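The structure under discussion appears below in the form of structure tokens.
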Amino acid sequence: MYDIIIIGAGVNGAFAAYRLAKYKLNILIIEKEIDVGNETSGANSAIVHSGYDPHPGTLKAKLNVLGNSLYDEICQDLDVEFKRIGSLTIACTDEEVAILDELVENAKLNNVPVELLDKETLHKIEPFVTEKAVKALLAPTAGIINPFELCVGLVENAMDNGVKLNLEEKVEKIIKDEQGYAVVTDKGIYLTKIIINAAGVFADEVSNLVNEKKYQLIPRKGEYFVLDHFSEPYVTHTLFSVPSSKGKGVLVTPSTHGNYLIGPSSMFIDDKEDEATNKDTLDEVIKQAYRLVDKIPMNHLIREFAGLRAYHESNDFVINQLTPGFINVLGMQSPGLASAPATSLMVEEMVKENLKLVLKDDYIKTRRPLYRLNKKSLEERDALIRQNPQFANMICRCEQISEGEIVDAIRRNCGARTIKGVKKRVRPGFGKCQGGFCEPLVMKILSRELGIDMKDVTYNNRGSYILQNKTKGETND
Ligand SMILES: Cc1cc2nc3c(=O)[nH]c(=O)nc-3n(C[C@H](O)[C@H](O)[C@H](O)COP(=O)(O)OP(=O)(O)OC[C@H]3O[C@@H](n4cnc5c(N)ncnc54)[C@H](O)[C@@H]3O)c2cc1C
């Protein structure tokens, strides 16, 4: 019998596993996708918001501000990229300036440091901001993070500390009895004392399997453009529009890897699996982005993507334990990522109400750092290559990623099993050629390391095969 089963390996499930892994507990994560962080947690703006804008007194406000303050140490321990670059909320009209003034008061109530900048100061620190801007709100504690790397780091550390991860397994039914719960998946049945429901946009359906009170989450899609990294100067802070009832609006921001994100849109949809992008929506995103900057270097456009917010009618996070031992983490819209370190502390407290928690003696606090060859000096690279010549075999020319790094990303706990898994962990395929050169080489490495046929290597989830048959010589059925 497990002590805890966590449903979902997005940032909230991953954080719950990471927090609880320090105790003597038998923990299993069940995730329906082929990788962790593959849903909303891997497709968002990646901002660790400062917390100036959530309504004071809400869970969003409380957990955002605390969560933000916890990120430095966690990212250092787990070797996850995180930079406090600060955010600027740009006002272009008198009405928007009035909203900035309200936001200053809101920030005070939430205990978040902010500063109003006049036009001249704004343009001095961000010359690419639109000439129409008249004022801006600087929030210096806002940061950018690599959210996928975060999920991997959290789960890897949890696994280093004994947590089990079952991928490609979907929870379909939950039966409650006096001992706890029987979790029925498409692959088996597991008994557990506690369930943590961190199933993202599906968390309502998982909660409804057990609780009398029924929830409904409505997916609200956000679409983005991704620009390549380039050497000309561009924006260095996260630029926000003035928020509205639809949310934080379109932003323009650098990412931790030096790319730029432009988006997101905000549209309610019906299908919880619809992550397609749409030209008209993205045209509107660009229109909105021109309210922040006068120039968008669209010649550097490399990709589009979409993520789904889990909207609940309260417009706040819903974290509760309606049935003893069944903990809900649902309605985790933005700032769910920024809040996640604090959300997991709340979950930990709820677990303590059910179980006596005893710390492990052999808990491992830090994750073994990644190699990150392209950030090392020539001397450091040389030393690594002398230890292992795979570091000299450059697989991705655009991003400068070696075979040694890819092999490491596959062999670690919570290692990559797909092309997308390798790409999102160590970046081959993220550059200008978008995998045109390196994808077949990555496939070969995956095939060798996982001991599977090249034909069985997938891009992402089940069925997303790249190869079908040999074109020369022997043919396969
Ligand atoms: C467009 C957009 C922009 C955003 N920007 C930001 C931002 O800049 N900053 C910020 O703080 N927040 C942001 N957010 C919010 C943030 O991304 C989310 O709060 C967070 O990622 C939610 O994480 P989660 O773990 O709850 O859900 P998810 O990441 O969706 O994880 C849930 C997991 O559960 C799995 N699952 C579901 N059902 C089952 C089942 N039956 N069995 C097994 N597994 C199951 C899913 O496959 C999934 O992997 C944004 C969200 C969106 C959509």
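It should be emphasised that the depicted structure is a prediction, and the values quoted were computed from it without experimental measurement. Whatever order the structure lists them in is the order used to number ligands and atoms, beginning at 1.
Using the six-membered ring where Trp is involved, Tyr224 and Phe305 have ring planes that are parallel, under 30° apart on the 30 and 60° scheme.
Stacking of Lys423 on the aromatic ring of Phe430 is recorded, both the 6.0 Å distance cut-off and the 45° axial limit being met.
For the residue pair Leu150 and Leu337, the shortest heavy atom distance occurs at CD2-CD1, 4.0 Å.
Remark: Tyr465 pairs with no residue by the ring pair (Phe, Tyr, Trp, His ring centres under 6.0 Å) rule, at least two apart or across chains. Scanning for side-chain hydrogen bond (donor to acceptor under 3.5 Å, both in side chains) contacts around Arg412 gives Glu156, Asp408, with sequence neighbours left out. Applying the side chain to side chain contact (heavy atoms under 4.5 Å, CB included) rule to Asn166 yields the partners Leu28, Lys164, Glu169, Tyr190; only residues at least two apart in sequence or on another chain are considered.
Residues of the protein with a heavy atom under 4.0 Å from ligand 1 are Ile7, Gly8, Ala9, Gly10, Val11, Asn12, Ile30, Glu31, Lys32, Glu33, Glu39, Thr40, Ser41, Asn44, Ser45, Ala46, Ile47, His49, Glu169, Lys170, Val171, Ala198, Ala199, Gly200, Phe202, Gly222, Tyr224, Pro264, Gly307, Leu308, Arg309, Met332, Gln333, Ser334, Pro335, Gly336, Leu337, Ala338, listed by chain and number.
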